[in-house]
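Residue numbers start from 1 in every chain, and the chains themselves are labelled A, B, ... in the order their sequence lines are given, proteins ahead of strands.
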2 protein chains.
Amino acid sequence: MQEKTRRVIIENVQPQIDGGRFPIRRAFGEKVQVTAGIFVDGHDSLAGELVYRVDGRETWHVRPMKLLGNDLWKASFRATETADYLYTVRAWIDRFRTWLDKVKKKHGAGQNVSVEMQEGAIIVEEAAERADGENRERLLARARFLKGEERTLDKIQLATEPELIRLMDTYPDRGTMTEYDKRLRVSVEPLRARFSSWYEMFPRSCSESPGSHGTFQDCIELLPYIADMGFDVLYLPPIHPIGLTHRKGRNNITQADPQDPGSPWAIGSSDGGHRSVHPLLGTMDDFKALVKEARRREIEVALDIAFQCSPDHPYVGEHPDWFRSRPDGSIQYAENPPKKYEDIYPFDFDSNQTESLCNELLDVVRFWIDKGVRIFRVDNPHTKPLRFWEWLIAEVKRGHPETIFLAEAFTRPKTMYRLAKGGFTQSYTYFTWRNLKWEIQKYMEELTQTEVAEFFWPSFWPNTPDILPEYLQVGGRLAFVVRLALAATLSSNYGIYGPAFELCENEAKEPFSEEYLNSEKYEIRHWDRNRSDSLKALIKRINIIRKENPALQQTRNLMFHKVERKEIICYSKYTDDLKNVILTAVNLDPHHTHSTWLTLPAKALGLDSNKPYQMHELIGDARYLWGAGENYIELDPQVMPVQIFRIRKHLRSEHDFDYFM
Amino acid sequence: MQEKTRRVIIENVQPQIDGGRFPIRRAFGEKVQVTAGIFVDGHDSLAGELVYRVDGRETWHVRPMKLLGNDLWKASFRATETADYLYTVRAWIDRFRTWLDKVKKKHGAGQNVSVEMQEGAIIVEEAAERADGENRERLLARARFLKGEERTLDKIQLATEPELIRLMDTYPDRGTMTEYDKRLRVSVEPLRARFSSWYEMFPRSCSESPGSHGTFQDCIELLPYIADMGFDVLYLPPIHPIGLTHRKGRNNITQADPQDPGSPWAIGSSDGGHRSVHPLLGTMDDFKALVKEARRREIEVALDIAFQCSPDHPYVGEHPDWFRSRPDGSIQYAENPPKKYEDIYPFDFDSNQTESLCNELLDVVRFWIDKGVRIFRVDNPHTKPLRFWEWLIAEVKRGHPETIFLAEAFTRPKTMYRLAKGGFTQSYTYFTWRNLKWEIQKYMEELTQTEVAEFFWPSFWPNTPDILPEYLQVGGRLAFVVRLALAATLSSNYGIYGPAFELCENEAKEPFSEEYLNSEKYEIRHWDRNRSDSLKALIKRINIIRKENPALQQTRNLMFHKVERKEIICYSKYTDDLKNVILTAVNLDPHHTHSTWLTLPAKALGLDSNKPYQMHELIGDARYLWGAGENYIELDPQVMPVQIFRIRKHLRSEHDFDYFM
């Protein structure tokens, strides 16, 4: 078949990112739903199939596609391995159905179809040649019948039997088959990539005794506390030796006291670099014990990947060509003028000597994977070449597809999105600064209703060691409750920096600053984790609600509801089968009580608009009867500025025990 | 530079159709405005350029790109040849600006920048190496100054001089340059492809004497009539010999009388096929005379390309393998069951013998190009392989880029759009069936505000020989006025099938049919072109308005205005510089007078909202003063259901002569 007379056209296979340059992202077990425009000149019937396979294997799996109308076809598959899959679409002219359609129409109009019967016999004979065994005989018998002397009516009867159609579908004539000109890719991530609750803490602040440098052993002792709150990722800032040269003192002053511990991000000293642990934290065996103990409690330890060096890092002496020399012979330290980070040397990716550097950095990641680490939070990835990360993550995932990379890229949107396209599993977001209802809704729509949802998986952080948002500074404890609830219910991945968060630490270094006063980045803190005003019980409750309700374990399934008051934001999440529907209402004003009326979209949420249903408030375990039309919500922040309802349909009796669905 | 440390990213260059698989379309002299996302890790400054060239030439033309914000860059170029152009985007790290930015910030913060001065000197020295002559000396002198003993303040002064920046921009360091991974294509079409007014007529109905078969000579004599109405394309249904076998009679009956002329689309007889003219129309020389005479009046003759044969076509005997044989030895005629077209044999593109067929069909087009034809209206292109047209049009345009192909594809949207992507210059549309205000607006938004506008150029036809729309059947003469005005002002390309149109022929063959009674497709008609109720004067007026107002010579520049009454549709078109703004208001109800209030968007139309402006109604040559806020429009269909205003700003005095702008 020459190219110019290949008749079948396949176009716009979706999802597809940047013309197939980047993969889409799915979690283990999730559905990949594929659509394509498929058409042909004239009136012929078509058949289409979605084919997919794990990248690197030979055999394609096949799903027949269904015509939705207007030449749009659809099929889906489920990813059952954590791996990269390829998928594409094929289609061909269905000669048998084309023939059948013509026969039915002509016969229906009373036209003679005796020549058509001969044509049909030929089509069926050709299918028989592609078949074998019994099916071959069955097809040959039917071809003979169509060719024979029987009544046309009986032949048409035979041609339309499901048995023959099934046989013909089994041995299609693929002579006209076209394959879409791209093989698209989906990265299938482990489940924890889609649903995770992160707790960040500084190991050196974990000692029981004030003033002492915490250890990995102290961290192990805190695991019950962390597990009880319901977290499943424990993220540690860098655990490596810290440089002495230009070490920063408390509150980021340039002259450190001798006893100041320095910033963990100023990596490397005579004790070692990115493959070493800080001696005061313990040994590599202690670290491995922490990873092991955490895993026993279903917690993964996430390490910080900060590709930069203190001036004392062994690399500086061993590989001077990995850094940028200045005309005065000094090495260029990090700066974002007028800010200077003299305790940090960035790597120089502009030189022509980066091959050994790139390979070493890849080896560093592999080193920690060997130590049992599966999750990495990458510090400032947007200050290293974006293609470098694409290469590094691909290399790592080739051997360890279960690895998760979280991008800490608080930068402009195109760069954030490019990092995610290039392989980062999860990404920090602008959530940290989205406080008002309209800005939350607008941002969520970008993240969940546009193409962005195909590759960018947000992780929502109400605070980080670098960011104490003004909303928390101003709003006090209730502001922490609001931001916690928003993060944990809007996004299936979220995290807090503790114990600063649960203890509602909200004093900034200075007005208009987002820096913490006495930041743990520059000193060891001692926290009273048992303070009576700790949010740990609420955090635990919310994490239980997340674990028990699959609707909250995805991010794309979000629907906002219109309520009049701008202080109240209200949204639902639901599973595909609508068996689990969670409605969250949050009073964004931590100072005043607000109330509103809410009408739910019955059909979209699977409600019977004629029947009442139960709203089970999961934080306080209260239950309400709601029905069609307006329902009342009141949120007194002094009681609780948040309500998280499970909608329980099919109300059966007056009891309030769990007997729905 | 290794791939993984190439730092600059270029993404999403727009416009781009299906990932660059298809070209965009522009008219000669039009602007191609290109945007791209360009960014880099870190804080470095970037430089970007749009490069473009005529396909096949070596030298790229360059336009520097401008940062619009949020990493989006823009530049544009004008196509000054009717040809295919390629365009793409390049970007690199602007080392000098990066350096300058750092120096300014550090110096501004009171930091020492003496080492920076040495760095700057090196950057300038390297630029000098890329320069020669005086510029080289200038750069070297400045490098020496930066290196020397002068005061830092004087050095900074020097570094920020426009002269040095200009020199550095002239010799940039392209070491970090990235080129976008695709070269995109724009098909630049002749001006008539964007702005044309078509008149379709059957040459055989052009004789002065009733009952006689018209000739090309009769057509020549009608040229003044057509030119006077203002048309610039005269489209003739097929002019070839017509088959006798299964010839259709009047009103499409299957038994023709001996004197019935047959359908011109049943091409081919013993007198010849696609390269011959019907003997009763005249000779090839007569045809060439028509083309020549038409061109003297700025009218191009458009031929009908109908790739199908009557059973009597010479091809049938000479190339039986170009047709499909049936088991009974007969050749498959065209059918769309239960409809039969026994006078037509379609070509068989499913065979493996299509190479000679495709080449012959291409040669047919080239044959008529040799005879002077520049425009082809292609009959039912959607019943031949879509890739075949892509090939044929590309082949033709390689030698004759000025050729225009109009696709008569009344089929589903994806196929229509695919034909346009594959090379058809203009396309018939669903306009013919869009009658209500909301459906016209929705369709126009699809055609002008979406990606479709980049490749699909609509041609609006209120009627064709195949389609007498119900609106015309029901609405009478005023319905013709309404549809004419809509077609001619909504779309810069439009056409009518005359004289049926100007004589308001609106009798259908039967109820619920769109077929004309006594259709010219099957018989010779005699028309009284001088009837007093002819619309020819109005057509002339509207075509003059189109010619005098460049705003009406494009289609994408459309803006609808909100008016309350659903019977009144109101819209503007404007030139880029807003010097020509045309507002059209149409009463879609040909039976009743309707009126409405209209507030114009002053800024978008370039109006001073504090000043009155003149609305010059161009059909009736009336003038009105309008101003900010609501203005009144009343459309009495008995007077004129349409008003076409030119908005004349900068009103200077009370006279009503033309002294604006």
Side-chain angles (χ1 to χ4, degrees), chain A residues 1-7 9 11-12 18-21 37 39-43 70-72 93 101-102 105-106 108-109 111 115 118-119 121-122 176 181-182 326-328 330 335-338 340 349-350 352 354-355 358 381-388 390-392 412-415 418, chain B residues 1-7 9 11-12 18-21 37 39-43 70-72 93 101-102 105-106 108-109 111 115 118-119 121-122 176 181-182 326-328 330 335-338 340 349-350 352 354-355 358 381-388 390-392 412-415 418:
Chain A
M1 191 168 41
Q2 46 171 342
E3 170 65 16
K4 59 181 168 282
T5 49
R6 262 199 311 131
R7 292 177 52 203
I9 306 277
E11 65 172 25
N12 194 25
D18 291 5
R21 165 74 176 82
F39 48 95
V40 67
D41 56 279
H43 304 284
N70 217 358
D71 298 322
L72 187 68
I93 292 167
D101 183 55
K102 175 176 154 186
K105 281 181 181 156
K106 291 187 80 159
Q111 295 173 15
V115 183
Q118 305 308 309
E119 290 172 332
I122 293 167
T176 57
D181 59 1
K182 285 173 220 156
R326 309 193 68 200
D328 64 350
S330 68
E335 55 182 346
N336 185 9
K340 297 176 176 188
F349 288 92
D350 271 336
N352 291 319
T354 52
E355 191 66 39
C358 292
H382 55 292
T383 61
K384 289 94 196 167
L386 308 181
R387 288 184 182 87
F388 161 73
E390 194 176 353
W391 166 79
L392 182 139
R412 292 195 296 271
K414 287 188 179 49
T415 304
R418 180 56 166 70
Chain B
M1 191 169 41
Q2 47 172 338
E3 170 67 16
K4 57 180 168 288
T5 48
R6 264 200 309 131
R7 293 176 52 203
I9 306 277
E11 64 172 27
N12 194 27
D18 291 6
R21 164 76 176 80
F39 48 95
V40 67
D41 56 279
H43 303 285
N70 217 356
D71 298 322
L72 187 69
I93 293 167
D101 185 52
K102 177 177 153 186
K105 282 182 182 156
K106 292 187 81 161
Q111 295 173 14
V115 182
Q118 304 308 310
E119 291 172 333
I122 294 167
T176 57
D181 60 359
K182 286 174 218 156
R326 308 195 68 199
D328 64 349
S330 70
E335 55 182 347
N336 184 10
K340 298 176 177 188
F349 288 92
D350 272 337
N352 291 320
T354 51
E355 190 65 40
C358 291
H382 56 291
T383 61
K384 289 94 194 168
L386 308 182
R387 288 183 183 88
F388 160 73
E390 196 176 353
W391 166 80
L392 181 139
R412 292 195 295 272
K414 287 189 179 51
T415 305
R418 181 56 165 71

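Looking at every heavy atom in both residues, Asp41(B) comes nearest to Pro385(A) through OD1-CA, 3.3 Å.
Top candidate by heavy-atom pairs under 4.5 Å with chain B, chosen from Lys182(A), Glu355(A), Lys105(A), is Glu355(A). Note on Thr383(A), Asp71(A), Asp18(A): by heavy-atom pairs under 4.5 Å with chain B, the leading option is Asp71(A). When Cys358(A), Gly37(A), Pro381(A) are compared by the number of non-hydrogen pairs under 4.5 Å with chain B, Cys358(A) comes out ahead. With chain A as partner, the option from Ile9(B), Ile122(B), Val40(B), Ile93(B) having the largest number of non-hydrogen pairs under 4.5 angstrom is Ile9(B).
Here the CD atom belonging to Gln118(A) is positioned 8.5 Å from the CG atom belonging to Asp328(B), to the nearest 0.5 angstrom. Taking CG of Asp350(A) as the reference point, atom CZ of Arg7(B) lies at 4.5 Å (rounded to 0.5 Å). Atoms CZ and CD, from Arg387(A) and Glu3(B) in turn, are 5.5 Å apart once rounded to the nearest 0.5 Å.
There is no contact between Asn12(A) and chain B, counting heavy-atom distances below 4.5 Å. The contact between Lys384(B) and chain A is made entirely by backbone atoms, counting heavy-atom distances below 4.5 Å. Using a 4.5 Å cut-off between heavy atoms, His382(A) touches chain B through its backbone atoms (N, CA, C, O) alone. Looking at Asp101(B), neither its backbone nor its side chain comes within 4.5 Å of chain A, counting heavy atoms on both sides. Only the side chain of Glu11(A) comes within contact range of chain B, with heavy atoms under 4.5 Å apart. If you measure heavy-atom distances from Leu392(B) to chain A, you find no contacts under 4.5 Å at all.
Applying the ring-ring contact (aromatic ring centres under 6.0 Å, His included) criterion to Phe39(A), with sequence neighbours excluded, gives no partner residue. Partners of Gln111(A) according to the side chain to side chain contact (heavy atoms under 4.5 Å, CB included) rule, which considers only residues two or more places apart in sequence or in another chain, are Lys106(A), Ala109(A), Pro338(B), Lys340(B).
At distances below 3.5 Å, at least one donor-acceptor pair connects side-chain atoms of Lys414(A) with backbone N or O atoms of Asn70(B).
Within the 4.5 Å cutoff, the side chain of Glu119(A) has heavy atoms near those of the Arg326(B) side chain.
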